[in-house]
Amino acid sequence: MSEENVRVRIAPSPTGAIHVGLARTALYNYLFAHKNKGTFVLRIEDTDFDRSTEESAQAIIKGLGWLGIRFDEGPYYQSQRMDLYKSYAEKLLQTSHAYKCYCTQERLEEERKRAETERRVWRYDRRCLNLTDSEKASFEAQGIKPAIRLRIPDGPTTFSDLIHGEITREAKDIDDFVAVRSNGIPTYNFVVVIDDHLMKMTHVLRAVEHISNTFKQVLLYKALGWDEPKFAHLPLILGEDKKKLSKRHGAMSLDEFRRLGYLPDALVNFLALLGWSPGEDREVMTRAELEDLFSLERINTSNAVFDMQKLTWMNGEYMRRMNPEDLIRAFTDWLAYTRTELPSEYATQELLSKAVPMIGERSRTLAEIYDALLPFISDDLTYDESGLEKHFRKDPDTVSQRLKLYRDKIEELDEWTVESTEEALRQLVEELDVKAGLLIHPVRLAVTGRTVGPPLFDCLVLLGRERVLERLGKLPR
RNA sequence: GGCCCCAUCGUCUAAUGGUUAGGACAUCACUCUUUCAAGGUGAAGAUACGGGUUCGAUCCCCGUUGGGGCUACCA
């Protein structure tokens, strides 16, 4: 199924860190646009002057850029389009679809609270709906600036959602909401309609939390005599606690994922699968495949819990499929992004080019690579406690003796290679008539401080003879 | 509280008015292996409940329960 001249947008409010919910919504819009050869627009909804920051707007653009989500138009800033909105408010007033409201916020707040304690439903009581001219004049004389409210017409309001089907709400359940604040700044529900119309949006894909706003917006489209776009309300991404993602959920900002060492492609793939599935048991997909397979019809109705473990698994999949050069670049980019300095003495390009692919094979995030790299780029070893317990403390004298024997053997080696160091160990093992593991494990522990890592003899070569001899002589207790 | 949305393994999901309800992550075994990771094999694990409709419902309808969202002169 292909749509004609698709135009979609994301319209984030720049009021904080960009989190994965926004990223997923952006991704779906982006995929939908690409799939239909349409246009993807970014519009910054900064009508809340108190909370909006340019910094946050930039972070959103950067964050999406990191994910490889590019837009074809924008960013448009609503704060720069204020003049445009005025005439439409005026028009609503003239056609009696809206009215001026002089109620103070304090009074409304009070009423709301009272209703709450009395367990009554509060809705604006339309006190200002039928104000006479003289009443209005009196308020104006007192210097009270009016807000503009939309008059919700009687009867049910229905819209057809591409994912949920028809959804209806009765007029009594919709508030005469404020379209223009008393300070003259229009609100989200008002400008979103104007901009979506003016920008010729054909589809609005956004999270289900906007369903209740949609009724207000549909009414606005009607009042202004415009056709509405098609709506599709996406399921929410929930945290482990099954609540909507918010600031409370710590590691959920894009920046945080980047710091933790996740790859944008892996995150995109994972996010795509949160609320959508291509069927046929497909999971790991390239971006091109994603664009090709994506369709609104296969978006789910129910919310999805963000499963960090699965993301981590998928990230590992991507890391293992990367070629060495790309992996090294991703790793060094990550170092730069997190401002992680490597000790220059050992952290040479040469070492990185050998070590990173080897370590990357057994890591799931870039941060894990860094951690596993530590023994090779620093002489400040910390020894794994359970490793010491298992491979050393049970019989320290014997182990020390064996390590010393191995040290003596490899000190004499003509060449320092994976083969030669292994051959030396095999010989020693035979001479001592013990299992190879009895030597391998303590040696690994002594030279890396760890019980896990790349194959031992690769580690030895990576470290170089000098450091290996040094470490074999400096035993843990 | 009111309104709205939702309901398949712990999690992400697939499927059909008739299937042994499939896959993935996670878990647990076993295997491979110098460790770890990866790989291989296998195990355990779901149609929330109650009514209908139907020859037959996980699937369609209603209700219950549960979860979620919204309930601003935020978006």
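The sequence lines fix the lettering, A, B, ..., with proteins before strands; numbering per chain opens at 1.
Between rA57(B) and rA21(B), the distance separating the two P atoms is 15 Å to the nearest Å. The gap from the P atom of rA72(B) to that of rC3(B) amounts to 16 Å, rounded to the nearest Å. Distance check on atom P: rG39(B) versus rA26(B) gives 9 Å, rounded to whole Å. Look at the P atom in both rG67(B) and rU58(B): the space between them is 24 Å, to the nearest Å. rG2(B) and rU16(B): their P atoms are spaced 37 Å apart (whole Å). For the C1' atoms, the distance linking rG45(B) with rU20(B) amounts to 15 Å, nearest Å. rC49(B) and rU8(B): their P atoms are spaced 12 Å apart (whole Å). Rounded to whole Å, the separation between the C1' atoms of rU64(B) and rA37(B) comes to 49 Å.
Distance Tyr124(A) OH to rC3(B) C1': 21 Å, rounded to the nearest Å. With rounding to whole Å, Glu166(A) atom CD is found 11 Å from rC5(B) atom P. We find that CZ of Arg123(A) is positioned 16 Å from P of rG1(B), with the value rounded to whole Å. Here the P atom of nucleotide rU13(B) and the CG atom of Leu271(A) are 12 Å apart, to the nearest Å. The nearest whole Å value for the distance from the CD1 atom in Ile440(A) to the P atom in rC36(B) is 12 Å. In this structure, CD of Glu240(A) is placed 14 Å from P of rA26(B), rounded to the nearest angstrom.
Counting non-hydrogen atoms of neighbouring residues, nucleotides and ligands closer than 6.0 angstrom, the CD atom of Glu116(A) reaches no more than 12 such neighbours.
Judged by distance alone, with hydrogens and angles left aside, Arg450(A) brings no side-chain donor or acceptor close enough to the base of rU35(B) to form a pair under 3.5 Å.
A search for salt bridge (charged side-chain N to carboxylate O under 4.0 Å, His left out) contacts involving Arg407(A) returns Glu411(A), not counting sequence neighbours. Scanning for salt bridge (charged side-chain N to carboxylate O under 4.0 Å, His left out) contacts around Glu111(A) gives Arg107(A), Arg127(A), with sequence neighbours left out.
Contact check on Glu240(A) versus Lys242(A) returns no salt bridge, with no Lys/Arg side-chain nitrogen under 4.0 Å from an Asp/Glu carboxylate oxygen. Arg426(A) and Glu422(A) are joined by a salt bridge, as a carboxylate oxygen and a charged side-chain nitrogen come within less than 4.0 angstrom of each other. Residues Lys409(A) and Glu431(A) are paired through a salt bridge, judged by an N-O separation under 4.0 Å between the basic side chain and the carboxylate. Taking the charged nitrogens against the carboxylate oxygens, Asp371(A) and Arg450(A) do have a contact shorter than 4.0 Å, which makes a salt bridge. A salt bridge links Arg282(A) to Glu289(A): at least one charged side-chain nitrogen sits closer than 4.0 Å to a carboxylate oxygen. A salt bridge does not link Lys172(A) to Glu170(A): none of the charged side-chain nitrogens sits closer than 4.0 Å to a carboxylate oxygen.
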Using a cut-off of under 3.5 Å, enumerate the N/O to N/O pairs linking the protein to nucleotides 70-75 of chain B.
residue : atom : partner   : partner atom : Å
rC70(B) : OP1  : Lys244(A) : NZ           : 2.6
rC70(B) : O2'  : Ser212(A) : OG           : 2.7
rC73(B) : OP1  : Arg112(A) : NH2          : 3.4
rC73(B) : O2'  : Gln105(A) : OE1          : 3.3
rC73(B) : O2   : Ser182(A) : N            : 2.8
rC73(B) : O2   : Ser182(A) : OG           : 3.0
rC73(B) : N3   : Ser182(A) : OG           : 2.9
rC73(B) : N4   : Cys103(A) : O            : 2.6
rC74(B) : OP1  : Arg181(A) : NE           : 2.9
rC74(B) : OP2  : Arg181(A) : NE           : 2.5
rC74(B) : OP2  : Arg181(A) : NH2          : 2.6
rC74(B) : O3'  : Arg181(A) : NH2          : 3.0
rC74(B) : O2'  : Asp48(A)  : OD2          : 2.5
rC74(B) : O2'  : Arg51(A)  : NH2          : 2.8
rC74(B) : O2   : Arg51(A)  : NH2          : 2.9
rA75(B) : OP1  : Thr47(A)  : OG1          : 2.4
rA75(B) : OP1  : Arg181(A) : NH2          : 3.0
rA75(B) : OP1  : Tyr188(A) : N            : 3.3
rA75(B) : OP2  : Tyr188(A) : N            : 2.9
rA75(B) : O3'  : Glu45(A)  : OE1          : 3.2
rA75(B) : O2'  : Ser13(A)  : OG           : 3.1
rA75(B) : N6   : Asn213(A) : OD1          : 3.0
rA75(B) : N6   : Asn213(A) : ND2          : 2.7
rA75(B) : N1   : Asn213(A) : ND2          : 3.3

Filtered N/O pairs between nucleotides 60-65 of chain B and protein, under 3.5 Å:
none

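Residue contacts for Thr451(A): at a heavy-atom cut-off of 4.0 Å it reaches a base atom on one of the strands shown. Among the heavy atoms of the strands lying under 4.0 Å from Thr168(A) are primed sugar atoms or P, OP1, OP2 only; no base atom is included. Within 4.0 Å (heavy atoms only), Pro235(A) reaches no atom of the nucleic acid at all. Across all strands shown, Arg119(A) has no heavy atoms under 4.0 Å from either base or sugar-phosphate atoms. Looking at heavy-atom distances under 4.0 Å, Arg43(A) makes no contact with the nucleic acid at all. Using a 4.0 Å heavy-atom cutoff across all strands shown, Gly437(A) reaches no nucleic acid atom at all. Residue Gly316(A) is classed as having no contact, given no heavy-atom separation below 4.0 Å to the nucleic acid. If you check every strand for non-hydrogen atoms under 4.0 Å, Ala304(A) touches sugar and phosphate atoms only. Here Leu456(A) lies in heavy-atom contact (under 4.0 Å) with a base.
Of the candidate nucleotides rU34(B), rG22(B), rC4(B), rG22(B) has the atom lying nearest to any side-chain atom of Asp281(A). If you check rC12(B), rG69(B), rC6(B) against the side chain of Leu236(A), the one that comes closest is rG69(B). Of the candidate nucleotides rG68(B), rA7(B), rG2(B), rA7(B) has the atom lying nearest to any side-chain atom of Thr301(A).
Side-chain N or O atoms of Tyr28(A) include none that pairs as donor or acceptor with a backbone N or O of Leu205(A) at under 3.5 Å. Using a distance-only test at 3.5 Å, with no hydrogens or angles considered, a donor-acceptor pair links the side chain of Asp161(A) to the main chain of His233(A).
Below 30°, between 30° and 60°, or above 60°: for Trp122(A) and Tyr124(A) the angle between ring planes is above 60°, a perpendicular geometry.
Contact between the side-chain N/O atoms of Asn300(A) and the OP1/OP2 oxygens of rA14(B) is found at a separation under 4.0 Å. Between rC3(B) and Lys172(A), no contact under 4.0 Å exists linking OP1 or OP2 to a side-chain N or O. Under 4.0 angstrom from either OP1 or OP2 of rC6(B) there lies at least one side-chain N or O belonging to His164(A).
For residues 353-362 of chain A, the set of pairs meeting the salt bridge (charged side-chain N to carboxylate O under 4.0 Å, His left out) definition, not counting sequence neighbours, comprises Glu350(A)-Lys354(A).
With a cut-off of 3.5 Å on both Watson-Crick or G-U wobble distances, the partner of rG39(B) is given as rU31(B). Using the Watson-Crick or G-U wobble rule with both distances under 3.5 Å, rA57(B) pairs with nothing in any strand shown.
Side-chain contact of Tyr318(A) with Asn269(A): a donor-acceptor pair under 3.5 Å is present, judged by distance alone.
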Review point. How does each nucleotide of nucleotides 37-49 of chain B score, in 5' to 3' order, for protein heavy atoms under 4.0 Å: base (B), sugar-phosphate only (S), or none (-)?
Key: SS-----------
